[in-house]
Amino acid sequence: MFAYKPKSFLLSLPKHISNSQIFLANSNSQLSPPLSSLPPRPSIPQTKQAHAQIIVSGLAADSPLISHLLCFLALSPSTPFHYSLSLYQSIKYPSVFATNNMIRCFAKSDSPPQSLLLFSSMLRTCVKPNNHTFTFLLQACSRALALNEGAQVHTVAVKLGFGGYVFVRNALIHLYCSCSRIECSKRLFEENASSRDVVTWNSMLTAFVRDEQIGAAEKLFEEMPERDVISWSTMISGYVQNGRLGEGLECFKQMREKGMRLNEATLVSVLSASAQLGLLEHGRLVHSLVESLNFPLTVSLGTALIDMYAKCGCIEQSKLLFKNMPKKDIWTWNVMICGLASHGIGKEALALFQRFIDEGFHPVNVTFIGVLGACSRAGLVSEGRRHFKLMTEKYSILPEMEHYGCMVDMLGRAGFLDEAVQLIEKMTVPPDPVLWATLLGACKIHGSIELGEKIGKKLLKLDPTHDGHYVQLASIYAKARKWEDVIRVRRLLVEQNTNKAAGWSLIEAQGTVHKFVAGDREHERSLEIYKMLEKIGIRIAESGYSPNVSSVLHDIGEEEKENAIKEHSERLAMAFGLLVTGAGDCIRIVKNLRVCEDCHEVSKIISRVFEREIIVRDGSRFHHFKDGKCSCLDYW
DNA sequence: TTAGGGTTAG
């Protein structure tokens with residue numbers, strides 16, 4: 001049998017396991033509602049009550065009885081191991097059953113390596129390990145990402161003849177996959193083709209997914225003799241985690257067509273895909289499934305729903321769900337803070353962050369991406385500076401590129417260009433060109449030609465294949481009416497043969513997703529769409545609109561430039577939205593790039609002239625257009 | 001008398 005060769009075959013000598021006081025019942029006993037599919041587990045207070053009765057009845061020396069209590073604790077969702085250990089230590093001659101359960105308690109605790117120490121001491125007694133022992137031990141190694149220790153356990157399991165047990169082998173596949181040793185998982189999987197069960201296949205599927213080998217995962221999924229809900233969930237999450245969102249949703253569709261039962265993990269992954277794609281109708285469908293199938297609103301599911309609604313433009317729905325969540329964890333708070341930030345509701349995001357702190361949570365890097373993003377999008381400069389300081393000084397969180405990105409964006413937009421430059425120059429890691437590009441955009445807004453030129457030249461050196469830098473630099477020159485420089489940069493752009501990122505916009509209508517690119521004429525209702533565009537053009541011109549062509553960088557005349565922006569993907573999506581939705585309905589659009597100045601202006605006018613609310617999620621944030629105004633207050 | 005695999009935030 002294959003065995004990963006560990007660096008050392010010697011397990012650490014067992015340390016003396018000290019007596020611990022019985023864990024006192026001061027923990028939060030309000031557990032999340034149990035999943036309907038799971039059998040009820042005895043809670044820790046219930047186990048303690050039973051323990052007290054055993055002591056009062058004079059049966060505390062009855063080791064099988066105490067072992068059963070230990071087993072209950074091992075089955076509880078989260079057990080501080082001190083109490084389990086005190087029970088275990090009260091057994092004079094622990095059986096393999098009692099020891100296995102103690103190993104399992106350690107494996108589930110915050111100190112999984114303790115189970116290895118117990119195993120070491122077990123090896124020196126007359127109590128012999130069995131197949132259960134190795135399953136729990138390997139689980140502990142996987143949780144601790146302890147590759148060497150796991151490999152030693154692997155060796156012992158093989159030596160003692162337990163290597164062929166399917167539970168042990170599956171635990172090994174899982175261990176090597178958790179420790180990024182996929183080749184070891186694969187060898188174990190291939191070696192035992194005749195004795196695989198569905199968990200063996202699922203473990204290998206997970207290994208491929210985690211290693212981003214989606215092709216291999218797809219092939220394995222096809223070959224599986226039997227697929228259960230976990231096989232489907234793994235495949236769906238594999239697609240979603242690797243950005244193949246449409247395929248994830250298609251896989252979910254197939255799963256439902258096959259009549260498979262759904263579970264929490266399936267729904268969370270599918271909600272994530274709906275959120276990332278901004279598909280509100282799909283997300284709502286999943287929400288209705290959650291309700292019709294009577295899924296309890298667990299922390300994960302509730303958080304995924306909050307995120308979905310926020311990313312699909314329904315921030316009020318997110319807020320309502322957040323308010324009604326019976327239990328929240330750090331993910332829930334982070335999702336809500338980031339959601340408010342993306343909608344530009346900066347002050348509420350900051351107030352929520354304060355509540356989060358007041359409730360005793362400890363912020364993490366993502367929390368501050370939300371907080372700083374909120375400050376940036378709402379122009380809350382002094383709050384942003386204060387929180388950046390708080391993050392580094394009070395919470396000792398090292399700023400990452402994203403944090404710097406928020407700060408540079410915030411300072412740049414507000415006109416603190418020198419401060420932004422100083423911040424970038426003070427960075428201890430090399431700045432991502434995106435930071436300079438952000439600042440270049442700010443130079444354009446504030447007409448800082450000199451600094452913009454300096455940054456633009458720097459960027460062309462750092463990242464010559466990015467077309468956006470040429471476009472920004474040329475627009476800075478254009479703003480300064482330096483036409484020769486505009487022509488020069490434009491020539492450079494052509495010579496570099498860069499690939500301009502194709503802009504697209506999505507709109508959902510009657511369960512179908514419609515995708516448009518600029519100048520698109522592929523849609524089956526293209527003729528009607530272009531007629532609607534003309535109608536829009538006439539109506540907005542009547543209300544005094546004149547086009548802003550500064551975002552167009554082609555060697556074409558003004559009229560052609562006007563046509564080019566008129567056919568931007570979001571204009572086509574908006575025209576289609578006006579065609580397919582009823583009077584007064586909200587139009588929701590998801591765009592991959594940032595909305596250009598002219599489209600932003602036009603969207604405001606359309607919202608007033610056509611009396612429609614238009615919600616656009618662009619590459620950076622949400623814009624809610626209503627009555628001729630945008631929620632971003634033209635600050636984006 | 002005890003077992004394994006899948007999920008979420010920028």
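Reminder, nothing fancy here: chain letters follow the sequence lines and each chain counts from 1. Heavy-atom basis, side chains included; hydrogens, waters and symmetry copies ignored.
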K.L.:
At 4.0 Å (heavy atoms only), tell me whether A:Arg227 reaches a base, stays on the sugar-phosphate, or touches nothing.
P.N.:
nothing
K.L.:
Considering residues at least two apart in sequence or located in another chain, which fulfil the salt bridge (Lys or Arg N to Asp or Glu O under 4.0 Å) criterion with A:Lys219?
P.N.:
A:Glu223
K.L.:
For residues 341-351 of chain A, pull every pair meeting salt bridge (Lys or Arg N to Asp or Glu O under 4.0 Å), keeping only residues two or more places apart or in separate chains.
P.N.:
A:Lys319-A:Glu348
K.L.:
Remember a base hit wins even if backbone is also touched, and classify A:His174 as base, sugar-phosphate or nothing at under 4.0 Å, heavy atoms.
P.N.:
sugar-phosphate
K.L.:
Nearest to the side chain of A:Asn131, which nucleotide is it out of B:dA3, B:dT7, B:dA9?
P.N.:
B:dA3
K.L.:
Whole Å only: how far is the CG atom of A:Leu205 from the P atom of B:dT7?
P.N.:
10 Å
K.L.:
Students often get this wrong, so: under 4.0 angstrom with heavy atoms, is A:Gln139 touching a base, only sugar-phosphate, or nothing?
P.N.:
sugar-phosphate
K.L.:
In this structure, how many angstroms lie between the P atom of B:dG10 and the CG atom of A:Asn365, rounded?
P.N.:
12 Å
K.L.:
Heavy atoms, side chains only, cut-off 4.5 Å: are A:Asn101 and A:Ser67 in contact?
P.N.:
no
K.L.:
Ignoring the backbone of A:Val268, work out which of B:dA9, B:dT2, B:dT8 is nearest its side chain.
P.N.:
B:dT8
K.L.:
With respect to the side chain of A:Ala265, which nucleotide from B:dT7, B:dT2, B:dA9 is positioned closest?
P.N.:
B:dT7
K.L.:
Near DNA chain B, which residues from residues 342-357 of chain A have a heavy atom under 4.0 Å away?
P.N.:
none
K.L.:
A:Cys338 has a side chain; which of B:dG10, B:dT2, B:dT8 sits nearest to it?
P.N.:
B:dG10
K.L.:
Any side-chain heavy-atom pair from A:Thr266 and A:Met260 closer than 4.5 angstrom?
P.N.:
no
K.L.:
Return the stacking result for B:dT8 and A:Trp331: yes when the ring centres lie under 5.5 Å apart and the planes under 30°, no otherwise.
P.N.:
yes
K.L.:
Give the rounded distance in Å between these two atoms: CD1 of A:Ile315 and P of B:dA9.
P.N.:
15 Å
K.L.:
Taking only side-chain nitrogens and oxygens of A:Gln276, does any of them come within less than 4.0 Å of OP1 or OP2 of B:dT8?
P.N.:
no
K.L.:
From the options B:dA9, B:dT2, B:dT7, select the nucleotide whose nearest atom is closest to the side chain of A:Ser300.
P.N.:
B:dT7
K.L.:
With heavy atoms under 4.0 Å as the rule, sort A:Val198 into base, sugar-phosphate or nothing.
P.N.:
base
K.L.:
Could you check which of B:dA9, B:dT2, B:dG10 has an atom nearest any side-chain atom of A:His132?
P.N.:
B:dT2
K.L.:
With sequence neighbours left out, which residue pairs that include part of residues 193-218 of chain A fulfil the ring pair (Phe, Tyr, Trp, His ring centres under 6.0 Å) condition?
P.N.:
A:Phe189-A:Trp201
K.L.:
Is the phosphate of B:dA3, meaning OP1 or OP2, less than 4.0 Å from a side-chain N or O of A:Thr133?
P.N.:
no
K.L.:
Do you know which of A:Thr303, A:Leu305, A:Thr332 makes side chain to side chain contact (heavy atoms under 4.5 Å, CB included) with A:Leu321?
P.N.:
A:Leu305
K.L.:
Report the nucleotide, chosen from B:dA3, B:dT1, B:dT7, that has the shortest atom-to-atom distance to any side-chain atom of A:Thr135.
P.N.:
B:dA3
K.L.:
Hey, does A:Val199 reach any base, or is it just sugar-phosphate, or nothing, if we go heavy atoms under 4.0 Å?
P.N.:
base
K.L.:
Regarding A:Asp307, tell me which of base, sugar-phosphate or nothing describes its non-hydrogen contacts under 4.0 Å with the strands shown.
P.N.:
sugar-phosphate
K.L.:
Mind jotting down which residue pairs meet the salt bridge (Lys or Arg N to Asp or Glu O under 4.0 Å) criterion with at least one end in residues 234-257 of chain A? Sequence neighbours excluded, please.
P.N.:
A:Glu218-A:Arg244, A:Arg244-A:Glu247
K.L.:
What's the CG-P distance between A:Asn242 and B:dT8, to the nearest Å?
P.N.:
11 Å
K.L.:
Classify the side chain of A:Asn101 and the base of B:dT1 as holding, or not holding, a donor-acceptor pair under 3.5 Å.
P.N.:
no
K.L.:
What pairs of residues pass the salt bridge (Lys or Arg N to Asp or Glu O under 4.0 Å) test when at least one of them lies in residues 289-315 of chain A, not counting sequence neighbours?
P.N.:
A:Asp307-A:Lys311
K.L.:
Return the nearest nucleotide to the side chain of A:Ile369; candidates are B:dG10, B:dT2, B:dA9.
P.N.:
B:dG10
K.L.:
By nearest atom, which of the nucleotides B:dT1, B:dA3, B:dT8 is closest to the A:Arg104 side chain?
P.N.:
B:dA3
K.L.:
Between B:dA9, B:dT8, B:dA3, which nucleotide has the shortest distance from any of its atoms to the side chain of A:Leu75?
P.N.:
B:dA3
K.L.:
Atom CG of A:Leu172 and atom P of B:dA3: how far apart are they, to the nearest Å?
P.N.:
19 Å
K.L.:
From CG of A:Leu271 over to P of B:dT7, roughly how many Å is that when rounded to an integer?
P.N.:
15 Å
K.L.:
Round to the nearest Å and state the distance from A:Met325 atom CE to B:dT8 atom P.
P.N.:
16 Å
K.L.:
Indicate whether OP1 or OP2 belonging to B:dA9 is found under 4.0 Å from a side-chain N or O atom of A:Lys311.
P.N.:
no
K.L.:
How about A:Ile103 and A:Gln114: do any of their side-chain heavy atoms sit closer than 4.5 Å?
P.N.:
no
K.L.:
Please report, rounded to the nearest Å, how far the P atom of B:dG10 is from the CG atom of A:Asp409.
P.N.:
17 Å
